[in-house]
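Input: a single structure, listed below in structure tokens.
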Amino acid sequence: MTTQNPAVRVRFAPSPTGYLHIGGARTALYNYLYAKAVGGTFVLRIEDTDLERSKAEYEALQIEDLKWLGIHHNEGPDKPNPKYAPYRQSERGEIYTKYAQQLIEKNLAYYDFCTDEELEEMKKRSELEGGDPRYDGKWKNPEFNAEAKKRVAAGEKCAIRFRAPDKAYTLNDKVKGEVTYPEGMVGDFVIVRSNGLPVYNYCCVVDDMLMEITHVIRGEDHLNNTVRQLMIYEALSAKPPQFAHVSLLIGHDRQKLSKRHGATSVNLYKNEHYLPEALCNYLTLLGWSHPKETDIFDKEELFDIFDIERFSAHSAMYDLEKLKWVNGQHIKKLATPDLLKLVEELPETEFLKKQTPAWKTAAVESAKPYVHFLNEIPVFINNTFLKESFEMTDALKEILGWETTPKIVDYIHGEISKVTTEYITEVELNGWMDHVKKELAIKGKPLFQGVRATLTGQDHGPELKLIIPLTPVNVLKKRVSELKK
RNA sequence: GGUCCCAUCGUCUAGCCCGGUCUAGGACAUCGCCUUUUCACGGCGGUAACAGGGGUUCGAAUCCCCUUGGGACUACCA
């Protein structure tokens, strides 16, 4: 059992600029599982400082997707703890301003009036010199502080730039180990834009500090950013949290997973009726391993054992094939009544709802081993038990081409026309089978495949004695007479 | 370009921190066999990997260095 530590506070901090991404879901899941495992708190914070891209509806959509996955936060915009609220960065402007002022007072940051053109020129110049783009404007010089303050007081707009210390930083990352950022790796960077809005690397630190975040589990794409954040923690005299930079999810071309790789938003999987448990299961496995090396589990089974030590350091390829298998495993794992309930929530299942509870249960049960996805179940049931017509596949043609098959069709056609009950029994079916075997001298593969083809119009499926007694006689009659033609 | 990260079967991974028990284990996919008087389901088995080169050591997948390859970051985006 993972050591309990109620003081642990983790967070997931998405930007509401689109649907919840599969990679974001994985990060959220890891944070959630860690909080559960140590008995800590999972915070949801909305990073909406990019006004142009952030949309309120995306926030709602992402929260909905998280809820669908069963990843529940303890604190967030909808569940505020007064001690830490608000949880949207767009509502925390005063806080960021206050700390930015402090940094300026201490000369750890400064006002910068450079125009875009000046910045652009500076960038070009440093590129020519072969180095990294670096700020070397005049406002860096403290002798201009007095002038800067005067212009700010006069209401002039300007950015606030952080004075990056010229020294090396070392991060002790839970996944990557010791990471050293060399001296002079980054130049002075903007922490507050000239429109007054703070920038990610700055507000992220202020928030994590104020929200008393103890562990930051996030994607490796933030690894190099961390040096800037370490600098700000230092300037604010705050202790940085424990970082764990998990590897990225990649597509088949080994590039960071993005929209062009296909289905990368969680809502797509919801719409396709994937089981949320299965998605979580698969996502967990992409970068974390179960100590017992099992592959199939529910989130709840991880609450006791999830451990930050078992992250893998290299990126993982997102593979729909294995997700498909995991989804199938979770379907098999579900108790049939629960599965039936889920199936009946699917669209276009009215035909199923008309059936008796016993029939529905038996039908769903028979479908279980054959499907990987929920929405395959009604299709399977319809094709197997209810559909009168069928597709003339090559495999079916082959069976019908055997010399034995027409005899079976003839015989069953004759027998079934005498039936007056709604369903035939297993005993009746066995009687027909016996007759074909003894009187027509057909056995083995020609017998079973012949009868299956005659009665179902399919070349494969569950055992005949299981499905035929569940198929209405009028359906069977239609199928047989179609073949008789 | 610069900085940082990563490197075990086709894919996800165990093992690596604390060298020997690893002729490298599991899972997906794939192939074969068995079972089912049929097909499927299922069961069993096969193919398949320590990127390369140097060290260190009696001994290296495991520790160190180099090379190669891949990735991320490099904004008044997050």
Side-chain angles (χ1 to χ4, degrees), chain A residues 13-17 24 47-50 52-54 89 112 114-116 119 123 126-127 130-134 157-161 171 173 175-177 179-182 184-187 189-201 203-204 218-228 245 247-248 250 252-256 282 285-296 309-310 312-326 329 332 366 368-370 395 399 433 437 442-453 456 458-464:
Chain A
S15 295
T17 56
E47 308 218 326
D48 54 353
T49 56
D50 183 347
E52 287 175 15
R53 296 197 298 149
S54 299
Q89 290 186 331
D112 176 18
C114 280
T115 59
D116 289 347
L119 258 15
K123 201 174 161 185
S126 41
E127 267 169 24
D132 282 333
R134 181 145 309 174
K157 298 257 186 255
C158 70
I160 298 175
R161 201 171 274 274
L171 166 70
D173 192 82
V175 180
K176 304 293 184 184
V179 178
T180 302
Y181 307 99
M185 184 176 161
V186 295
F189 54 94
V190 168
I191 55 173
V192 181
R193 301 170 173 100
S194 47
N195 65 6
L197 288 170
V199 167
Y200 168 73
N201 280 121
C203 43
C204 170
R218 59 172 22 163
E220 190 188 342
D221 45 346
H222 292 287
L223 191 57
N224 280 337
N225 275 323
T226 310
V227 66
R228 293 185 176 81
H245 286 93
S247 56
L248 262 20
I250 55 178
H252 280 100
D253 52 1
R254 307 216 74 95
Q255 311 265 307
K256 187 174 165 183
Y282 177 65
L285 246 20
L286 242 33
W288 185 83
S289 60
H290 194 289
K292 292 212 172 92
E293 292 191 52
T294 52
D295 284 311
I296 301 298
E309 308 292 328
R310 295 192 66 84
S312 59
H314 56 270
S315 32
M317 199 179 280
Y318 186 68
D319 174 31
L320 259 7
E321 271 303 318
K322 188 149 186 180
L323 171 58
K324 174 180 167 183
W325 175 77
V326 171
Q329 291 300 310
K332 289 183 181 71
S366 77
K368 243 182 186 181
Y370 296 88
I399 297 169
M433 300 283 287
K437 197 159 126 191
I442 300 168
K443 57 178 184 173
K445 190 167 174 167
L447 163 68
F448 275 79
Q449 286 291 69
V451 173
R452 178 184 295 282
T456 68
Q458 307 261 333
D459 65 300
H460 68 269
E463 268 187 277
L464 289 172

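Every chain is numbered from 1 and lettered A, B, ... according to where its sequence line falls, protein lines coming before strand lines.
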Using atom [atom1] of [X] as one end and atom [atom2] of [N] as the other, report the distance to the nearest whole Å.
X: K256(A); N: C5(B); atom1: NZ; atom2: P; value: 18 Å
X: R53(A); N: A78(B); atom1: CZ; atom2: P; value: 8 Å
X: K176(A); N: C73(B); atom1: NZ; atom2: P; value: 13 Å
X: F448(A); N: A40(B); atom1: CZ; atom2: P; value: 15 Å
X: H460(A); N: U36(B); atom1: NE2; atom2: C1'; value: 16 Å
X: K368(A); N: A40(B); atom1: NZ; atom2: C1'; value: 18 Å
X: L248(A); N: A7(B); atom1: CG; atom2: P; value: 14 Å
X: Y200(A); N: C73(B); atom1: OH; atom2: P; value: 12 Å

Report the nucleotide, chosen from [options], that has the shortest atom-to-atom distance to any side-chain atom of [X].
X: N224(A); options: C76(B), C39(B), C4(B); answer: C4(B)
X: S15(A); options: A78(B), C76(B), C4(B); answer: A78(B)
X: P182(A); options: C76(B), C4(B), G71(B); answer: C4(B)
X: Q449(A); options: U38(B), A78(B), G42(B); answer: U38(B)
X: W325(A); options: C4(B), A78(B), A29(B); answer: A29(B)

Taking a pair as Watson-Crick or G-U wobble with both distances under 3.5 Å, which nucleotide is matched to [N]?
N: G2(B); value: C73(B)
N: G42(B); value: C34(B)
N: C9(B); value: none
N: A48(B); value: none
N: U56(B); value: none

Look only at the side chain of [X] and the backbone of [Y], and say whether a donor-acceptor pair between them is shorter than 3.5 Å.
X: R218(A); Y: H245(A); value: no
X: R134(A); Y: G184(A); value: yes
X: N201(A); Y: I191(A); value: no

Below the 4.0 Å mark, does [N] have OP1 or OP2 next to a side-chain nitrogen or oxygen of [X]?
X: Q458(A); N: C39(B); result: no
X: R218(A); N: A72(B); result: no
X: T17(A); N: C77(B); result: no

Counting any heavy atom closer than 4.0 Å, what does [X] reach on the DNA or RNA strands: base, sugar-phosphate only, or nothing?
X: H222(A); value: base
X: L119(A); value: base
X: C204(A); value: nothing

Can you find a donor-acceptor N/O pair under 3.5 angstrom joining the side chain of D221(A) to the base of A78(B)?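 Checked by distance alone, the answer is no.
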Is there, by distance only and without an angle test, a donor paired with an acceptor across the side chain of K445(A) and the base of U37(B) below 3.5 Å? no
Modelled atom types, side-chain donor and acceptor of H222(A) and Y200(A), under 3.5 Å: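 Result is yes, a qualifying pair exists.
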CE on M317(A) to NZ on K322(A), rounded to 0.5 Å: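 Interatomic distance, K322(A) NZ to M317(A) CE, rounded to 0.5 Å: 14.0 Å.
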Nucleotide by nucleotide, 5' to 3', does protein get under 4.0 Å of the base (B), only the sugar-phosphate (S), or neither (-) in nucleotides 9-18 of chain B, counting heavy atoms? --SBSSS---
